[in-house]
Amino acid sequence: MRRIYQRVDLQVSLLLAVFVAVAVMSCSLVAYYITYNDMKYALSERVMIIRDYLEKQLGKIEFTDFDEPEDITNEKYIELHDMFSAVKEATGVRYLYTAKRNGKGEFIYVIDGLDIHSEDYRYPGDLIEEEIYQDMERALGGEEVYPDEILHTSWGDIFICYLPLYDRGRIIGVLGIEFDANHQYEAFRMLKMFVPIAVITFTILAFFTSKMMFRRVNEIVKKEEKQRKDLAEALYREEIANKAKSSFLFNISHDIRTPMNAVVGFTQIALEHLDDKNRVEDSLWKVERASKHLKRLINDLLDMARIEKGKLELEIEPFHIQESIKETEQMFRTQMETKGITFEVKTENIKYECVLCDSLRMKQIAMNLLSNALKYTEPGGTVGYCVSQRDVDEDGYIELRLCIRDTGIGMTEEFQKHIFGIFEREKSATLSGVEGAGLGLAITRQLVELHNGTIQVESEKGKGTKFLIRMKLKIAEEQTEVQKETLSFEGKRVLLVEDNPLNREIAEVFLTEKGFEVECAEDGDVAVSMVSDSMPGYYDLVLMDIQMVRMDGYQATREIRKLSDPDLADIPIVALTANAMEEDKKHAFEAGMDGHIAKPIDMDKLDYTLMEIFKHMGAHTLRSAGFREEII
């Protein structure tokens, strides 16, 4: 029996030894895990605060410009280095620096937070150690990289993390942060030494068990709390979205119905008074005015849609300042004088006539602000439009300033706080009966910001408003103005592809009055057959609708481009469609079209596009000549 008991004791001892060994190993791992994660949790908040602060301070140009040791004498570099040093000292960071990839694909230091005279200081352009390339790559890919363990080095125990640096949503480099971890590692070492003793007792085992249970319960409680918060936040966002949707539908319904009511009403009046020429002409003039207002509203909605989706792209080209000012003045001078408003236009210090920007959007900015000034200034008031320049900098940029001021009704201080919001109109403006959807200023601000500019407003109720726009634009070489050409369309035959009878009739009348011989196709497949069955040169142009029942305009264009006869396959094709978004134009060109005209048809723009089309027909094909004409 004794031998049996001894054997049992031995077995129990062995099991206990195994249990203690497993407990010691488990507790050591848990201790390290707790130490590391507590440290990581404690430091991560500091890491995020440091990164957020530095991202606000680091501009894209300053960060990417420092890649040579000589840059340490640059005033901006010294300012940023001092800021890094201050952040390093204030947050207790051991080492703080930024890095980027150079043109050779190597990682280099940019800004080092150490003392410049320190032995460990790294100059701009110094190569990063290759052993951390992999972590740098992960950070450039958008990942926040934390090590799996505390690193033991000759200069102590450290904790390192690498985070991506963002500028307007784009990763421009890596932020490296090192913290001293001597205290945490010492705590881990002490735990490793005392755990074997502690785990022998049931008290310590019970403590760890209860701690694990408590942690689990705490995790469950936190998870439920997070779920409740997420649910409450989701409900709040849904409520805000529903209110915004309701407000949007209310405003847009009102602003669309107002001109639509004029179109329907005055059309009915004209029909009922066909024998009264003056009454008919007056009604048709008012219908045209309401139609233009409706078109402006739709264009504003499309612009806002493009802006909110991030799909509004600027078309940078030479912009002639004086010429634009003259055109804008001519556009508003008559309207101002008709209303009895003094219109003052002047320029200051315009040394450089030509700059690079989006010419169309630049004119739109001025027109939006001047239109508001015209609307909200009473007869006898004054509207001023001043364009000025500031001196050129070393990179060839000038500051262009646009100042639009009026002596109109002005705005309250409260309304000025959210003046650039969508559908924002002050109550007094609404009650005054002035037309507008409240989109113009929202679009104007976005267009200014797309040009890396700023817009400021000063206004006083009952005294007037002043808008000041500042934009930094690059100087462009002045180009010789090409003499405008005129071209006759007599004898030109166009194939009009349109499935809507009313739209087909309108376009046919417009084209016939310009001298075209017009043939019509009611769908894309019919157009393909008519082109393929024709002799080369029979049709001079195809105007193609996009959305049709049997075959859309994209597919019809592709089929025409596949024809075996190159003279037929290369016929000019221009989209004539209500699909007016930027991506719609891209789809048209990708399908092989040579131009894009948006509905409703603007006759001046139609004339310009058709003249450009036929002017370039001297080349073998428009596509081989690289011609693309976009009109919206």
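As a basis for the values below, the full set of heavy atoms in this structure was taken, side chains included, without hydrogen atoms, waters or symmetry mates.
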Going by atom type alone, with no hydrogens or angles, which donor-acceptor pairs under 3.5 Å involve a side-chain atom of residues 466-476 and a protein atom two or more places apart or on another chain?
unit_1	atom_1	unit_2	atom_2	d
R470	NH1	Q456	OE1	2.9
K472	NZ	D393	OD2	3.1
K474	NZ	D395	O	2.9

Answer yes when R405 and E344 have at least one side-chain N-carboxylate O distance shorter than 4.0 Å, and no when they do not.
yes

Looking at E378 and I341, what are the two nearest heavy atoms and their distance?
O-CG1, 3.9 Å

S532: side-chain contact (heavy atoms from CB on, under 4.5 Å) partners, not counting sequence neighbours
L563

Please report the shortest heavy-atom distance between R504 and C520, naming the atom on each side.
CD-CB, 3.7 Å

So, applying side-chain contact (heavy atoms from CB on, under 4.5 Å) with M530, which one of L495, V542, V497 is it?
L495

Examine distances only and state if a side-chain atom of T407 and a backbone atom of T382 form a donor-acceptor pair shorter than 3.5 Å.
yes

Without hydrogens or angle criteria, can the side chains of E519 and Y538 be said to hold a donor-acceptor pair below 3.5 Å?
yes

Does D523 use its side chain to pair, donor to acceptor, with the backbone of R550 at less than 3.5 Å?
yes

Looking at every heavy atom in both P536 and D565, which two are closest together, and how far apart are they?
CG-OD2, 3.4 Å

Could you tell me whether E559 and R561 have a side-chain N and a carboxylate O separated by less than 4.0 Å?
no

Please check this pair: side chain of K363 against backbone of E327, looking for a donor-acceptor N/O pair closer than 3.5 Å.
no

Any Lys/Arg nitrogen of E490 or K492 sitting under 4.0 Å from an Asp/Glu carboxylate oxygen of the other?
no

Write down the atom of S283, the atom of F266, and the distance for their closest heavy-atom approach.
CB-O, 3.4 Å

Distance-only donor-acceptor check, side chains R361 and Q364, under 3.5 Å:
yes

Considering non-hydrogen atoms only, spot the tightest contact between V518 and L496 and give its length.
CG1-CB, 4.0 Å

Work out which heavy atom in M336 is nearest to a heavy atom in L374; give both atom names and the distance.
SD-CD1, 3.6 Å

For the residue pair F516 and F489, does the interplanar ring angle fall in the parallel (under 30°), tilted (30 to 60°) or perpendicular (over 60°) class?
parallel

Without hydrogens or angle criteria, can the side chains of N349 and S388 be said to hold a donor-acceptor pair below 3.5 Å?
no

Can you tell me how far CG of L576 sits from CZ of F510, rounded to the nearest 0.5 angstrom?
10.5 Å

